[in-house]
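In this text, all values refer to a predicted model and were calculated from it rather than measured experimentally. Convention: sequence-line order gives letters A, B, ...; per-chain numbering from 1.
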Number of protein chains: 2
Amino acid sequence: MLIPSYFFTNDFKQFYEYFLSQPHIKKSFKKGDYLWEPNKPFEKIHYIISGVAQNYLEHENGHRKILSFHGSGTVFPGYHEQDYKIESALITVALSDMEVLEFTKVEFRRMFQQNQQLSAQDIDWFSKDVNLLLYETAHQEYNNSFIKLCNLLYLLLVNETGKQNHFNCMTQDDIADILGISRVNLTRGLTRLRKENIIITKRKQIQVIDPSALEKYCSLETL
Amino acid sequence: MLIPSYFFTNDFKQFYEYFLSQPHIKKSFKKGDYLWEPNKPFEKIHYIISGVAQNYLEHENGHRKILSFHGSGTVFPGYHEQDYKIESALITVALSDMEVLEFTKVEFRRMFQQNQQLSAQDIDWFSKDVNLLLYETAHQEYNNSFIKLCNLLYLLLVNETGKQNHFNCMTQDDIADILGISRVNLTRGLTRLRKENIIITKRKQIQVIDPSALEKYCSLETL
DNA sequence: CGACTCATTGACGTAGCTCAAGGTATGTGG
DNA sequence: CCACATACCTTGAGCTACGTCAATGAGTCG
C-alpha cells in the first residue's frame, strides 16, 4: 500500500538506454531556469538525467502552490495528449543544474505506442500523481494546519530520506506553499513541535528527533 | 483547451463492442448500492453501460468530499496496477440503477496490453482526472467560498448541461461536499446570488438565469 | 395532515490570515 | 575580519471568513 510522495524519482530509470536510442535532444538547465516558458502550454517531455525540478502554480491572487518535485530517473511532465487550460499556468523550475533528454509530444507518442512497458509505466506515473492530489484535495484539506504540517513532515521523513537532501534546503516559505498555509502560521506549528522536543529547526532545515511522537499527531490516511 | 469537469462520460464509448467481446461479467446495481465494498481496495474495473455513480471519500473527522461523477460510456476506476492507501477509503455509490460490465484487473491488463487505442484512452482518462484534481488543489483552494461556488456553478453550466440532469437533483449538502465548505455557508452564497438575480433556487435545484453575471465572478482558471 | 427531508437565517466562537516589528543566520565588499 | 545588507525566522496584535449550534420555514410524500 503506497502513501503519497511529493518527490518523483527513478520510476523511468529502466528506460534510460531505450530513451538514448530514440530521437531526442540532450539539454541542460542552470539552477533557476524554467523547463519551458511560463504561461505557455508545454510541448516537450523531459527525462531527467540529473538535477531536481520543482513544479508549482501561481494563483491570480498571488499565492503559490508547490505541487511536486522531480529528480533523476523520472519523466516530466507525464506524457498525455490533451491540452488543459490549467496546465498553461504550471511552472517548472530547476532547483539545481539539470541534465535532461528532451522529447516532443510526437516523439513520445511514438515510443508510447511502440513500447509496451513504457505505456504501462506512464499509467503508473499518473496513478502516483492522482494519489498525491487525492491526498491533498480530499484529505489534507480537512485537517487543521498543525496536523497538515505533521503529516507533511512525516511523509518527508518516511519517503524522502536519503533520496536527495533538497528537502533540507527548503525555506519555511516553501513549506508553507506546499501546505497552502501562511508562513506565520507555519512558524507557530514548528514552534510547538520544537517546544515538544519533536523537531530541531535551523535555518532552511528541519530535523525530526522524535519520529514516534510526530507519528502520533498524524492523521490515519498518512500512516 | 479543456476546463475541468466533475462528470465523466462517453470517453470509452468507442470500446463498448470491444469490451463485450472480451471476458467480463455483466452486472447491475440498484440505486444506493456500492460498486465495491467500502474500506476494501478495489479489485474490479467497470464499464458503465447506463446509470450514474458518485465517487467520494470520508475523512476521519466526519467530512465527506465528493470527488466526481461517472456516467454511461466511461470506465471507473481508471485502470492502473499500484495499490494506494487512500484508494481503500474511496467510496463509489450508484446514484441510480446501473448496468455495467465488470472486469478484473488481470483482464483489464491484458486488454491494455493488447489494445493500443485502449491504453491511449486510459492515459486520457487519467490526465482528465489529474486536471480536475489540480484545479481543486492548486486553484479552488485559494478562492473564498463565494468564488468557489460561482466557479462550480459555471463549470456545471458549461460542461454538464444536457448530459444528465443529475446535477439538478443534488441537495445543498452535496454541493457543499463538492466544494469542501459548510452547508450553512453555501446557503449564504446562494442567497447572495439569488438577491443579485443571477440564479433561482428551488428544492434540489439551482437554475442560472444570468450566466454572464455569474461569469464575472469566476476566477481566471475557470473560464 | 403529520413527518419526513431540505433550505434559510441569526448568533457566536475561533483558526488562521495580514500587518508589523524585531531577532538571528549567511553572504559580500572593503 | 569586520560592518553592512539581505534572507530567513519568530512573536505579538487584531481582524475576518467561515465553522458550529440552534431555531424556524418551506417543500414533498405516504
Quiz prompt | CA sep, side-chain torsions, deciding dist, call: B:Glu136, B:Lys65, salt bridge (charged side-chain N to carboxylate O under 4.0 Å, His left out) | solution = CA-CA 12 Å; B:Glu136 296 212 323; B:Lys65 166 71 186 176; 2.8 Å; yes
Quiz prompt | ring-ring contact (aromatic ring centres under 6.0 Å, His included) between B:Trp125 and A:Phe126, worked out | solution = CA-CA 10 Å; B:Trp125 188 94; A:Phe126 270 100; over 10 Å; no
Quiz item: Do A:His59 and B:Asn143 pass the side chain to side chain donor-acceptor pair (under 3.5 Å) test, and can you show the C-alpha distance, the side-chain angles, and the key distance before you say yes or no?
Solution: CA-CA 9 Å; A:His59 193 278; B:Asn143 295 319; 2.9 Å; yes
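Look at NZ on A:Lys202: it is 18 Å from C1' on D:dA7, rounded to the nearest Å. For B:Arg183 and D:dC18, the CZ to C1' distance is 14 Å, given to the nearest whole Å. The CZ atom of B:Arg203 sits 6 Å away from the P atom of D:dT28 (whole-angstrom rounding). When the P atom of D:dA17 is taken as reference, atom CG of A:Asn61 falls 14 Å away, rounded to whole Å. Distance NZ (B:Lys204) to C1' (D:dA26): 15 Å, rounded to an integer number of Å. Atom CG in A:Asn185 sits roughly 13 Å away from atom P in D:dT10 (whole-Å rounding). Summarising the geometry, the separation between CG on A:Asp177 and P on D:dC8 is reported as 12 Å, rounded to the nearest angstrom. Regarding B:Arg188, its CZ atom lies at a distance of 10 Å from the P atom of D:dG19, rounded to whole Å.
Not counting sequence neighbours, the partners of B:His63 by the ring pair (Phe, Tyr, Trp, His ring centres under 6.0 Å) test are A:Tyr142.
Side-chain N/O atoms of A:Arg194 include one lying less than 4.0 angstrom from OP1 or OP2 on D:dT10. For the pair B:Gln205 and D:dG27, the criterion of a side-chain N or O lying under 4.0 Å from OP1 or OP2 is not met. Of the side-chain N and O atoms in A:Thr201, one or more sit less than 4.0 angstrom from OP1 or OP2 of D:dT10.
B:Thr171 comes within contact range of the sugar-phosphate backbone alone, with a heavy-atom separation under 4.0 Å but no base atom that close. Using a 4.0 Å heavy-atom cutoff across all strands shown, B:Ser182 reaches at least one base atom of the nucleic acid. Across all strands shown, A:Thr187 has heavy atoms under 4.0 Å from base atoms, whether or not it also approaches the sugar-phosphate.
Computed from C1' positions of five pairs at each end, the angle between the two local axes of the helix from C:dC1-D:dG30 to C:dG30-D:dC1 equals 30°, rounded to 10 degrees.
Here the CD-CD1 distance, from A:Glu221 to B:Ile86, works out to 5.0 Å after rounding to the nearest 0.5 Å. Distance CZ/B:Phe19 to OH/B:Tyr47: 7.5 Å, rounded to 0.5 Å. Between A:Gln140 atom CD and A:Ser145 atom OG the span is 10.5 Å, to the nearest 0.5 Å. Here the straight-line distance linking atom CD1 of B:Ile178 with atom CD1 of B:Ile66 works out to 5.0 Å at 0.5 Å rounding.
DNA chain C is contacted by both B:Val184 and A:His63; B:Val184 maps to the nucleotide lying nearer its 5′ end (nearest heavy atom per residue).
Residues A:Asp174 and A:Arg64 are paired through a salt bridge, judged by an N-O separation under 4.0 Å between the basic side chain and the carboxylate.
Taking the centre and axis of the six-membered ring of B:Phe42, the NZ or CZ atom of B:Lys105 falls inside the cone set by 45° and 6.0 Å.
Once you apply a 4.0 Å limit to the heavy atoms of chain A, the touched nucleotides of DNA chain C run 5' to 3' over C:dG16 to C:dT26.
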